[in-house]
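Just so it is clear, the structure is predicted and the values come from calculations on it, not from any experiment.
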Amino acid sequence: MYTAADYAALGETDYWSELQEGKIVVSPHPSYNHGMACFELSVQLRSQLPPNLVALLGLDLDLALVPEDQPGTVRRPDLMIVDRADRKSASAEGRLLRASEVVLVVETVSPGSRRTDYRIKRDEYADAGIEHYWILDVDEPISLLAFHRTEEFGYVDNGEATDTFTASEPVPLTIDLTTLLD
């Protein structure tokens with residue numbers, strides 16, 4: 001069983017992995033469509049984010065769901081938005097980003113991740129206090145389901161968007177979903 005610190009100490013690996021309640025979970029590398037959609041989404045976000053925020057692709061995130069000496073959970077969201085100062089602090093301190101530093105997490109559905117993205121990660125991210133969670137599905141028609149956290153119900157959504165997604169939170173954004181796989 002690994003703590004989040006044990007997992008971070010492993011450093012870079014040749015495989016795509018996450019830590020789930022102390023156990024290392026290995027997944028296949030993302031598909032071409034998955035990777036392209038994540039990258040193109042980050043490009044669209046970058047041009048719309050305020051200067052203090054940055055979009056990051058495929059980095060480890062300590063959900064801090066348990067005390068530091070307990071078996072931890074570290075996820076590797078496809079994309080997350082964080083404050084630039086927090087990213088710089090985590091890098092300078094040689095530590096993982098923490099859930100408390102994340103503004104938005106995005107997961108892109110893969111054939112083997114549908115249940116994990118829609119159920120398990122949704123609950124984990126809500127429990128970790130992440131205010132905004134998006135699920136991007138690259139199956140035609142490409143869609144985005146945006147969740148926001150409430151104290152009473154955990155995550156709630158405003159319905160699935162296709163073609164164009166517009167958000168007022170966490171910052172005003174408009175995403176052209178039709179161009180993510182062009």
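Hydrophobic clustering (side-chain heavy atoms under 4.5 Å, transitive across Ile, Leu, Val, Met, Phe, Trp, Tyr) keeps Tyr7 apart from Leu61. In the hydrophobic clustering of ILVMFWY residues, with side-chain heavy atoms under 4.5 Å counting as a link, Ile142 and Val43 come out together. A single hydrophobic cluster is not seen to contain both Val105 and Leu45; linkage of ILVMFWY side chains at heavy-atom distances under 4.5 Å, directly or through other members, places them apart.
Applying the side chain to side chain donor-acceptor pair (under 3.5 Å) rule to pairs touching residues 54-72 yields Asp60-Arg76, sequence neighbours excluded. The list of salt bridge (charged side-chain N to carboxylate O under 4.0 Å, His left out) pairs with a residue in residues 92-101, not counting sequence neighbours, reads Glu93-Arg95, Arg95-Glu101. Among pairs with a residue in residues 93-131, those fulfilling ring pair (Phe, Tyr, Trp, His ring centres under 6.0 Å) read Tyr125-Tyr133, at least two apart in sequence or across chains. A ring pair (Phe, Tyr, Trp, His ring centres under 6.0 Å) check over residues 30-71, counting only residues at least two apart or in different chains, returns nothing. Sorted by first and then second residue, the ring pair (Phe, Tyr, Trp, His ring centres under 6.0 Å) pairs involving residues 161-182 (not counting sequence neighbours) are Trp134-Phe165. Within the structure, salt bridge (charged side-chain N to carboxylate O under 4.0 Å, His left out) pairs that include any residue of residues 144-162 comprise Glu131-Arg149, Arg149-Glu151 (at least two apart or interchain).
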Start with the C-alpha distance between Ile24 and Leu10, add both sets of side-chain angles, then the distance that settles side chain to side chain contact (heavy atoms under 4.5 Å, CB included), and finish with yes or no. CA-CA 11 Å; Ile24 295 176; Leu10 296 174; 3.6 Å; yes
Could you walk me through whether Ile81 and His132 pass the side chain to side chain contact (heavy atoms under 4.5 Å, CB included) check? CA-CA 10 Å; Ile81 295 177; His132 299 276; over 6 Å; no
List the steps, then state whether side chain to side chain contact (heavy atoms under 4.5 Å, CB included) holds for Leu49 with Val54. CA-CA 7 Å; Leu49 291 176; Val54 62; 5.7 Å; no
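Put simply, the side chain of Thr73 does not reach to within 4.5 Å of the side chain of Leu19, judged on heavy atoms. A 4.5 Å side-chain heavy-atom check between Val82 and Leu56 finds at least one atom pair inside the cut-off. Counting heavy atoms from C-beta outward, Ile130 and Met80 have side chains that stay 4.5 Å or more apart. Looking at heavy atoms from C-beta onward, Leu79 lies out of side-chain contact with Leu136 at the 4.5 angstrom threshold. Contact check for His148 versus Val156: side-chain heavy atoms found under the 4.5 Å cut-off.
To the nearest 0.5 angstrom, Arg87 atom CZ is 8.5 Å from Leu97 atom CG. Taking CD from Glu140 and CG from Leu181, the interatomic distance works out to 6.5 Å, rounded to the nearest 0.5 Å. Atom CG of Leu53 sits about 10.0 Å away from atom CG of Leu104, to the nearest 0.5 Å. Taking OG of Ser91 as the reference point, atom CG of Leu96 lies at 11.5 Å (rounded to 0.5 Å). In this structure, OG1 in Thr116 is found 9.5 Å from CD in Glu107, a value given to the nearest 0.5 Å. Taken from CG in Asp78 to OG1 in Thr108, the straight-line distance is 4.0 Å, to the nearest 0.5 Å.
Listed by chain and number, the residues in a salt bridge (Lys or Arg N to Asp or Glu O under 4.0 Å) with Arg84 amount to none (sequence neighbours excluded). Looking at residues two or more places apart in sequence or on another chain, you find a side chain to side chain donor-acceptor pair (under 3.5 Å) between Asp83 and Asn52. By the salt bridge (Lys or Arg N to Asp or Glu O under 4.0 Å) test, Asp86 pairs with no residue at all, sequence neighbours left out. Asp139 pairs by the salt bridge (Lys or Arg N to Asp or Glu O under 4.0 Å) definition with Arg114, not counting sequence neighbours. Not counting sequence neighbours, the partners of Glu124 by the salt bridge (Lys or Arg N to Asp or Glu O under 4.0 Å) test are Arg75.
The two residues Ala37 and Val138 have their closest heavy-atom pair at CB-CG1, 3.4 Å. In plain terms, the two heavy atoms of Pro71 and Gly22 that are nearest each other are CB-CA, 3.5 Å. Closest heavy-atom contact between Leu57 and Ser42: CD1-OG, 3.9 Å. Val74 approaches Ala4 most closely through the heavy-atom pair CG2-CB, 3.8 Å. The two residues Gly72 and Val66 come nearest to each other via the heavy atoms CA-CG2, 4.1 Å.
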Let me check something: any side-chain donor-acceptor pairs from residues 166-177 under 3.5 Å, sequence neighbours excluded? List them with distances.
from, atom 1, to, atom 2, distance (Å)
Asp176, OD1, Thr178, N, 3.1
Asp176, OD1, Thr178, OG1, 2.5

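Panel note: side chain Arg122, backbone Tyr155; a donor-acceptor pair is recorded below 3.5 Å.
Counted within 6.0 Å of CD on Glu21, heavy atoms from surrounding residues, nucleotides or ligands total 12 or fewer; the atom is thus considered open.
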